[in-house]
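Down below is the structure, laid out as structure tokens.
This structure is a prediction, so every number in the text was calculated from the model and none was measured. So that the names make sense, note that chain A is the first sequence line, chain B the second, and so on, each numbered from 1. Just so it is clear, the values below take in all heavy atoms, side chains as well, and ignore hydrogens, waters and symmetry mates.
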Amino acid sequence: MELVDTKTIRRLRARDVSGQKTTTINDVQTDATVGELVEGLLAQLKLPHSNGVRYHVRLEREGRRLHTSERIGDALQDDDAITLQPDIHAG
Amino acid sequence: MLKNEYAYAITLSRLDGRSLGQVSVTVDWEPALEWMRFVRLRRHLPTTEPGAVTTIQPLWDSRSSAPWIEGFRVWIGDVSADFELRYFYGLAQEASHHFLEKGELIPGERFLYSVAAYPCQADPAQQPGKSLFTVEEVMSSLPVIETSLEAFAQTSRPFGSMHGEDIPVFIPQSVLDEATTLTQAAGALETGGILIGHIHRDAGQEDGDLFLEVTAQIPARHTHAELMRLTFTAETWTDVQAAIDLRQKAEAMVGWWHSHSWLMHTSKEEKKSQNSSCQTDALFLSTDDCLLHYTIFSRAWSIALVISNTPARLTWALFGWRQGMIAHRGFSITDTITETASEDHHGTT
């Protein structure tokens, strides 16, 4: 009987909305939330996350926005592509 | 790997020279680093080299000497560029809030600032933290098309003041007309869109430089438009990407545009003095505009077009990155959109 490690997702691809910043991340903890994943990605991609900028996560495979409270293991699969989409003001 | 052996502090003084005090600051070096990567790219060099160390060095003030600086120098490998003291302007403005709260400065009061660098053990920004994942690599590539710059120049006319450090930017008249029409239709409300296009390298020169071609503008839909604010939402970005995908021309988001109404102009001076942290002169980018540009369009070739709509006239102004700061810049207006996207793809940025 083969033991399967279900505690991490092997690989995810993440990008910002402009496509100017992309990254591949490995061994993503499945017990973490989407919100925690976003926090880590913002730091990794050097995206500002203060001053009223709020980020959403779009799962390209399903074409839907993920909720920050969703568990990574429930929402994402190996090799999924996600996009960080900000609500951001000009003025 | 980033090597920075100094901590920085800003000293504010009144216009008569009396010191207000010194504030330690955490410097965001990323725009300067991005500019350096761009400098290397323009010189046909890879943006980074395996094992290369990126170093930030203070440039000591020739009159006052250490710890006072007149700028700083960034090295990536054996390529370096110097950055002016103005890079710290935004931090100086933030530092002034400290003295505003204490009542030692009044709103709108002008002040002088100087920057000091002190040796420190390690850059606090480099301290590793706990992570939910491991990173394979952070990549950001954009196809570069080998094209004759002269072909663009022959069918274009300049608009605004050109600066030697800026790469040429070509925007079709039709794109400007579309943005203008949308601005006029929006009336007093702000509106905007995303500029898409290609990066080219001049094939007509041995060490041809890069230049930017805007091919279209995608109106920003699903926004929240107000008199002096325009909010781009997640739905806006989804819609723009869908439009780009539908065009199938390998276009990238190279910038954005938005309008300023006559109400923005009326409060322009107040907003500029209180909020703006951008190094601009004429038609301006507000603090929110600069944050958007930094957040979404941080690559050094990215541009921001502002359309000013007042009862007197409608004008344009283009902004772009220069030495890690957002600066007002010129561009060229072309009459036609070239059909080069499908040919001669060569290299990546």
Exercise. With a cut-off of 6.0 Å (strictly less than), are more than 12 heavy atoms of other residues, nucleotides or ligands near CZ of A:R61?
Worked result: yes
For this session: Side chain from CB out, backbone as N, CA, C, O: work out which of these in A:D16 comes under 4.5 Å of a heavy atom of chain B, or both, or neither.
Result: side chain
For this session: Tell me, for B:A234 versus chain A, whether the close heavy atoms (under 4.5 Å) come from the side chain, the backbone, both or neither.
Result: both
Exercise. Is the shortest distance from a Lys or Arg side-chain nitrogen in B:E251 or B:K249 to a carboxylate oxygen in the other one below 4.0 Å?
Worked result: no
Seminar exercise, completed: Sorted by chain and residue number, the side-chain hydrogen bond (donor to acceptor under 3.5 Å, both in side chains) partners of B:E34 (sequence neighbours excluded) come out as B:R37, B:R299
For this session: Counting only heavy atoms closer than 4.5 Å, note whether A:L84 contacts chain B via side chain, backbone, both or neither.
Result: neither
For this session: Let me know if B:S298 has heavy atoms under 4.5 Å from chain A in its side chain, its backbone, both or neither.
Result: both
Problem set entry | Region of B:T223 in contact with chain A, defined by heavy-atom distances below 4.5 Å | neither
For this session: Would you mind telling me which of A:R65, A:E36, A:H56 has the largest number of heavy-atom pairs within less than 4.5 Å of chain B?
Result: A:R65
Problem set entry | Exceeds 12 heavy-atom contacts within 6.0 angstrom, atom CZ of A:R10 | no
Exercise. Relative to chain B, which segment of A:I88 carries a heavy atom at a distance below 4.5 Å: side chain, backbone, both, or neither?
Worked result: both
Problem set entry | Heavy-atom proximity to chain B below 4.5 Å, by part of A:R54 | neither
Problem set entry | Contacting moiety of A:I72, where chain B heavy atoms sit under 4.5 Å | neither
Exercise. Side-chain donor-acceptor pair under 3.5 Å between B:H260 and B:H258, yes or no?
Worked result: yes
Exercise. Is there a donor in the side chain of A:T23 and an acceptor in the side chain of A:Q44, or the other way round, less than 3.5 Å apart?
Worked result: no
For this session: Mind checking ring pair (Phe, Tyr, Trp, His ring centres under 6.0 Å) for B:Y294 and listing every partner two or more places apart, or none if nothing turns up?
Result: none
